[in-house]
Amino acid sequence: MSYSVKEIFYTLQGEGVHTGRAAVFCRFAGCNLWNGREDDRAASICTFCDTDFVGTDGEGGGSFSSASDLADAVAAFWPKHDHGRRFVVCTGGEPLLQIDPALVDALHERNFEIAIETNGTIPVPEGIDWVCVSPKSGSVLVVTSGDELKVVYPQSVDPRSYESLAFRHFFIQPMDGKDAKNSLSSAISFCAENPRWRLSLQTHKLIGLR
(Lines give C-alpha, C1' and ligand atoms only; values in the text may rest on other atoms or scores of the structure.)
Protein backbone atom coordinates (compact mmCIF):
# COMPACT_ATOMS: atom_id res chain seq x y z
CA MET A 1 0.00 0.00 0.00
CA SER A 2 1.14 3.54 -0.71
CA TYR A 3 0.51 6.50 1.60
CA SER A 4 -0.34 10.11 0.78
CA VAL A 5 0.90 12.54 3.41
CA LYS A 6 0.27 16.27 3.51
CA GLU A 7 3.09 17.08 5.93
CA ILE A 8 5.41 15.73 8.60
CA PHE A 9 6.86 18.01 11.26
CA TYR A 10 8.25 18.03 14.80
CA THR A 11 6.57 20.12 17.48
CA LEU A 12 4.89 19.94 20.87
CA GLN A 13 1.41 18.48 21.13
CA GLY A 14 -0.99 21.35 21.73
CA GLU A 15 -4.21 19.62 22.77
CA GLY A 16 -5.64 17.11 25.22
CA VAL A 17 -3.85 14.84 27.67
CA HIS A 18 -0.48 15.03 25.92
CA THR A 19 -0.34 18.83 25.75
CA GLY A 20 3.28 19.93 25.89
CA ARG A 21 4.74 16.57 24.85
CA ALA A 22 7.28 16.48 22.04
CA ALA A 23 5.89 14.72 18.98
CA VAL A 24 6.31 14.14 15.29
CA PHE A 25 3.05 14.98 13.54
CA CYS A 26 2.24 12.95 10.44
CA ARG A 27 -0.71 14.57 8.71
CA PHE A 28 -2.33 12.27 6.17
CA ALA A 29 -4.02 13.69 3.10
CA GLY A 30 -7.75 13.22 2.58
CA CYS A 31 -10.87 13.03 4.72
CA ASN A 32 -14.21 11.24 4.49
CA LEU A 33 -16.27 14.07 6.03
CA TRP A 34 -15.07 16.97 3.84
CA ASN A 35 -13.06 16.95 0.64
CA GLY A 36 -11.10 20.07 1.58
CA ARG A 37 -12.66 22.30 -1.11
CA GLU A 38 -14.01 25.54 0.30
CA ASP A 39 -16.85 25.49 -2.24
CA ASP A 40 -18.06 22.22 -0.71
CA ARG A 41 -17.51 23.02 2.98
CA ALA A 42 -21.05 24.18 3.81
CA ALA A 43 -22.62 21.01 2.40
CA SER A 44 -20.20 18.65 4.15
CA ILE A 45 -20.68 16.74 7.40
CA CYS A 46 -17.72 18.55 8.96
CA THR A 47 -17.93 22.27 8.22
CA PHE A 48 -15.46 23.72 10.75
CA CYS A 49 -12.13 22.00 10.00
CA ASP A 50 -9.21 24.42 10.43
CA THR A 51 -6.55 22.25 8.77
CA ASP A 52 -5.18 22.01 5.23
CA PHE A 53 -5.05 18.29 4.42
CA VAL A 54 -5.31 18.48 0.61
CA GLY A 55 -2.40 17.26 -1.47
CA THR A 56 1.12 16.21 -0.50
CA ASP A 57 2.97 19.52 -0.85
CA GLY A 58 3.62 20.38 2.82
CA GLU A 59 6.91 20.11 4.69
CA GLY A 60 7.96 16.47 4.72
CA GLY A 61 4.90 15.52 2.71
CA GLY A 62 4.75 13.25 -0.29
CA SER A 63 3.64 9.89 -1.63
CA PHE A 64 5.34 6.98 0.12
CA SER A 65 5.41 3.63 -1.62
CA SER A 66 5.81 1.50 1.51
CA ALA A 67 5.22 1.55 5.25
CA SER A 68 8.97 1.35 5.78
CA ASP A 69 9.60 4.45 3.68
CA LEU A 70 6.99 6.46 5.57
CA ALA A 71 8.23 5.27 8.97
CA ASP A 72 11.77 6.26 8.00
CA ALA A 73 10.53 9.71 6.99
CA VAL A 74 8.77 10.11 10.35
CA ALA A 75 11.85 8.93 12.27
CA ALA A 76 14.05 11.45 10.46
CA PHE A 77 12.23 14.28 12.26
CA TRP A 78 12.95 12.98 15.76
CA PRO A 79 16.02 14.51 17.51
CA LYS A 80 18.99 12.29 16.74
CA HIS A 81 20.52 12.66 20.20
CA ASP A 82 17.41 11.26 21.91
CA HIS A 83 17.25 7.48 22.21
CA GLY A 84 14.15 7.15 24.41
CA ARG A 85 10.62 6.20 23.40
CA ARG A 86 9.49 8.32 20.48
CA PHE A 87 6.00 9.74 19.97
CA VAL A 88 4.15 10.20 16.68
CA VAL A 89 0.70 11.74 16.25
CA CYS A 90 -1.07 10.49 13.13
CA THR A 91 -3.69 12.98 12.11
CA GLY A 92 -5.32 14.47 9.03
CA GLY A 93 -7.77 14.85 7.45
CA GLU A 94 -8.70 11.37 8.55
CA PRO A 95 -5.66 9.15 9.20
CA LEU A 96 -7.60 5.88 9.39
CA LEU A 97 -8.30 6.08 5.68
CA GLN A 98 -4.66 5.05 5.25
CA ILE A 99 -3.16 3.63 8.45
CA ASP A 100 -2.82 -0.14 8.22
CA PRO A 101 -1.10 -2.92 10.23
CA ALA A 102 2.06 -2.64 8.13
CA LEU A 103 2.52 1.01 9.07
CA VAL A 104 1.73 0.33 12.73
CA ASP A 105 4.42 -2.36 12.77
CA ALA A 106 6.95 -0.17 10.94
CA LEU A 107 6.51 2.71 13.39
CA HIS A 108 6.75 0.39 16.40
CA GLU A 109 9.95 -1.08 14.97
CA ARG A 110 11.39 2.45 15.07
CA ASN A 111 10.48 2.80 18.75
CA PHE A 112 7.46 5.07 18.25
CA GLU A 113 4.45 5.23 20.51
CA ILE A 114 1.58 5.80 18.06
CA ALA A 115 -1.27 8.21 18.73
CA ILE A 116 -4.10 8.91 16.33
CA GLU A 117 -6.58 11.76 16.08
CA THR A 118 -9.65 10.45 14.25
CA ASN A 119 -13.26 11.40 13.63
CA GLY A 120 -14.24 7.91 14.79
CA THR A 121 -16.06 6.78 11.65
CA ILE A 122 -13.53 4.06 10.69
CA PRO A 123 -12.45 1.11 12.87
CA VAL A 124 -9.05 1.41 14.54
CA PRO A 125 -6.44 -1.22 13.59
CA GLU A 126 -4.81 -3.20 16.37
CA GLY A 127 -1.63 -1.83 17.90
CA ILE A 128 -2.46 1.87 18.11
CA ASP A 129 -1.18 3.06 21.50
CA TRP A 130 -3.34 6.16 22.02
CA VAL A 131 -6.74 6.77 20.44
CA CYS A 132 -8.24 10.26 20.45
CA VAL A 133 -11.69 10.51 18.86
CA SER A 134 -13.22 13.83 17.86
CA PRO A 135 -16.80 13.02 16.81
CA LYS A 136 -18.59 15.16 14.29
CA SER A 137 -22.32 15.83 14.45
CA GLY A 138 -24.10 14.06 11.61
CA SER A 139 -21.54 11.28 11.20
CA VAL A 140 -21.88 7.65 12.25
CA LEU A 141 -19.55 6.97 15.18
CA VAL A 142 -18.09 3.44 15.06
CA VAL A 143 -15.15 3.95 17.46
CA THR A 144 -16.85 3.86 20.84
CA SER A 145 -13.86 3.28 23.10
CA GLY A 146 -10.39 4.72 23.45
CA ASP A 147 -8.24 7.08 25.47
CA GLU A 148 -9.63 10.55 24.72
CA LEU A 149 -12.98 11.79 23.49
CA LYS A 150 -12.53 15.39 22.36
CA VAL A 151 -15.69 17.21 21.31
CA VAL A 152 -15.28 20.45 19.38
CA TYR A 153 -17.89 22.75 20.91
CA PRO A 154 -20.51 23.83 20.18
CA GLN A 155 -22.01 21.45 17.65
CA SER A 156 -25.62 20.42 17.15
CA VAL A 157 -25.08 17.33 19.33
CA ASP A 158 -25.11 17.45 23.14
CA PRO A 159 -21.71 16.16 24.35
CA ARG A 160 -23.42 14.42 27.26
CA SER A 161 -24.84 11.92 24.79
CA TYR A 162 -21.32 10.46 24.54
CA GLU A 163 -20.86 9.91 28.27
CA SER A 164 -21.79 6.22 28.12
CA LEU A 165 -18.87 5.50 25.78
CA ALA A 166 -15.74 3.77 27.08
CA PHE A 167 -13.18 6.58 27.03
CA ARG A 168 -10.71 7.43 29.80
CA HIS A 169 -10.77 11.21 29.28
CA PHE A 170 -13.55 13.54 28.11
CA PHE A 171 -12.63 16.94 26.66
CA ILE A 172 -14.51 19.96 25.38
CA GLN A 173 -12.54 22.03 22.88
CA PRO A 174 -13.83 25.46 21.83
CA MET A 175 -14.49 25.75 18.12
CA ASP A 176 -12.04 28.06 16.36
CA GLY A 177 -13.18 30.57 13.78
CA LYS A 178 -15.04 33.85 13.60
CA ASP A 179 -17.07 33.09 16.74
CA ALA A 180 -14.15 31.73 18.77
CA LYS A 181 -14.67 34.08 21.72
CA ASN A 182 -18.26 32.94 22.26
CA SER A 183 -17.27 29.31 21.72
CA LEU A 184 -14.67 29.61 24.47
CA SER A 185 -17.15 31.17 26.86
CA SER A 186 -19.72 28.44 26.13
CA ALA A 187 -17.11 25.70 26.53
CA ILE A 188 -15.99 27.06 29.89
CA SER A 189 -19.60 27.16 31.10
CA PHE A 190 -20.26 23.63 29.89
CA CYS A 191 -17.22 22.21 31.71
CA ALA A 192 -18.10 24.09 34.90
CA GLU A 193 -21.63 22.67 34.80
CA ASN A 194 -20.50 19.16 33.80
CA PRO A 195 -17.38 18.31 35.83
CA ARG A 196 -16.74 15.03 34.02
CA TRP A 197 -15.57 17.12 31.09
CA ARG A 198 -12.26 18.99 30.95
CA LEU A 199 -11.43 22.03 28.84
CA SER A 200 -8.93 21.46 26.02
CA LEU A 201 -7.36 24.54 24.45
CA GLN A 202 -5.35 24.67 21.25
CA THR A 203 -2.27 25.86 23.10
CA HIS A 204 -0.05 25.55 20.01
CA LYS A 205 -2.04 28.39 18.46
CA LEU A 206 -1.84 30.48 21.63
CA ILE A 207 1.97 30.26 21.80
CA GLY A 208 2.72 30.28 18.07
CA LEU A 209 3.60 26.63 17.41
CA ARG A 210 2.40 24.55 14.49
Side-chain angles (χ1 to χ4, degrees), residues 5-29 31 33-34 36 46-53 58-61 74 77-79 82 84-96 107 112-120 128-137 143 146-155 157 159-160 162-163 165 167-210:
V5 174
K6 175 64 179 184
E7 58 183 347
I8 303 171
F9 58 95
Y10 180 70
T11 187
L12 302 182
Q13 170 63 285
E15 305 172 0
V17 170
H18 292 289
T19 294
R21 183 177 179 181
V24 178
F25 270 67
C26 179
R27 187 178 309 285
F28 288 87
C31 184
L33 300 185
W34 176 45
C46 181
T47 61
F48 52 82
C49 181
D50 59 359
T51 304
D52 179 6
F53 55 81
E59 176 189 359
V74 169
F77 279 82
W78 194 262
D82 184 86
R85 188 73 187 275
R86 302 166 169 181
F87 187 51
V88 59
V89 178
C90 297
T91 183
E94 176 45 57
L96 291 182
L107 289 169
F112 275 99
E113 178 182 349
I114 306 168
I116 60 166
E117 296 183 353
T118 174
N119 59 38
I128 300 296
D129 302 294
W130 189 269
V131 176
C132 175
V133 174
S134 181
K136 305 300 187 292
S137 176
V143 183
D147 299 286
E148 291 180 68
L149 187 80
K150 183 175 62 183
V151 179
V152 177
Y153 188 84
Q155 297 185 56
V157 63
R160 290 170 294 190
Y162 299 121
E163 290 183 351
L165 302 182
F167 288 87
R168 297 166 56 196
H169 305 277
F170 289 80
F171 285 99
I172 293 293
Q173 184 162 293
M175 187 179 295
D176 199 4
K178 61 182 180 181
D179 204 29
K181 184 176 180 179
N182 287 334
S183 295
L184 174 59
S185 178
S186 296
I188 291 171
S189 296
F190 182 89
C191 291
E193 294 167 4
N194 300 275
R196 183 173 185 180
W197 295 82
R198 295 161 57 189
L199 184 68
S200 172
L201 300 178
Q202 294 180 297
T203 58
H204 54 293
K205 293 183 178 179
L206 297 175
I207 63 178
L209 292 178
R210 296 183 63 181

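- In this structure a side-chain-to-backbone donor-acceptor pair under 3.5 Å is missing from Ser200 to Phe171.
- At least one donor-acceptor pair closer than 3.5 Å links the side chain of Ser189 to the backbone N or O of Ser185.
- Gln13 pairs in a side chain to side chain donor-acceptor pair (under 3.5 Å) with only one of the listed residues (His204, His18, Glu117, Arg21), which is Glu117.
- Trp34 and Phe53 have their aromatic ring centers within a separation under 6.0 angstrom.
- Note that CG of Leu199 is 5.0 Å distant from SG of Cys191, once rounded to the nearest 0.5 Å.
- Closest non-hydrogen pair, Phe167 versus Asp147, comes out as CD2-N, 3.9 Å.
- The shortest heavy-atom contact between Pro95 and Cys90 is CG-O, 3.6 Å.
- With values rounded to the nearest 0.5 angstrom, Asp50 atom CG is found 5.5 Å from Gln202 atom CD.
- In this structure, Asp176 and Ala180 approach most closely via the heavy-atom pair OD1-CB, 4.0 Å.
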**OP:** Evaluate side chain to side chain contact (heavy atoms under 4.5 Å, CB included) for Phe9 paired with Val24, printing each intermediate quantity in order.
**Re:** CA-CA 6 Å; Phe9 58 95; Val24 178; over 6 Å; no
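- Counting heavy atoms from C-beta on, the side chains of Glu113 and Arg86 never come closer than 4.5 Å.
- Phe112 places a side-chain heavy atom less than 4.5 Å from the side chain of Val74.
- Expressed to the nearest 0.5 Å, how far CG of Leu201 lies from CD1 of Ile207 amounts to 11.5 Å.
- Taking the side chain as every heavy atom from C-beta outward, Cys26 and Val5 approach each other to under 4.5 Å.
- Across all non-hydrogen atoms, the minimal contact from Gly92 to Thr51 is O-CG2, 3.7 Å.
- With values rounded to the nearest 0.5 angstrom, Ser134 atom OG is found 10.0 Å from Glu148 atom CD.
- How far CD of Glu94 is from CZ of Phe28: 10.5 Å, rounded to the nearest 0.5 Å.
- Between the side chain of Asp82 and the backbone N or O of Gly84 there is at least one donor-acceptor pair closer than 3.5 Å.
- Judged by distance alone, with hydrogens and angles left aside, the side-chain atoms of Asn119 form no donor-acceptor pair with the main-chain N or O of Pro135 at under 3.5 Å.
- Under a 4.0 Å N-O distance rule, the pair Glu15/Lys150 qualifies as a salt bridge.
- Under the 30°/60° scheme for interplanar angles, the aromatic rings of Trp197 and Phe170 are found to stand perpendicular.
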Subject >> Evaluation steps, side chain to side chain contact (heavy atoms under 4.5 Å, CB included), between Ser186 and Tyr153 >> reply: CA-CA 8 Å; Ser186 296; Tyr153 188 84; 3.8 Å; yes
Subject >> From CA spacing to verdict: side chain to side chain contact (heavy atoms under 4.5 Å, CB included), Trp130, Val17 >> reply: CA-CA 10 Å; Trp130 189 269; Val17 170; 3.8 Å; yes
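- Note: Ser137 OG to Gln155 CD = 5.5 Å, rounded to the nearest 0.5 Å.
- Using modelled atom types, one side-chain atom of Asp129 and one backbone atom of Ile114 make a donor-acceptor pair closer than 3.5 Å.
- Paired with Trp78 under the rule ring pair (Phe, Tyr, Trp, His ring centres under 6.0 Å), one option of Phe87, Phe25, Tyr10 passes, and it is Tyr10.
- Closest approach of Ser183 and Pro154 over heavy atoms only: OG-CD, 3.6 Å.
- Here Asp52 does not pair with Arg27 in a salt bridge; the nearest charged N to carboxylate O distance is not below 4.0 Å.
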**OP:** Test salt bridge (Lys or Arg N to Asp or Glu O under 4.0 Å) on Glu193 and Arg160 and set out the steps.
**Re:** CA-CA 11 Å; Glu193 294 167 4; Arg160 290 170 294 190; over 6 Å; no
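- A donor-acceptor pair is defined here as one N or O able to donate and one able to accept, closer than 3.5 Å; such a pair exists between the side chain of Thr19 and the backbone of Gly16.
- Residue Ala23 comes nearest to Val89 through the heavy atom pair CB-CG2, 4.0 Å, listed as atom of the first residue, atom of the second, then distance.
- A heavy-atom distance below 4.5 Å is found between the side chains of Leu96 and Ile116.
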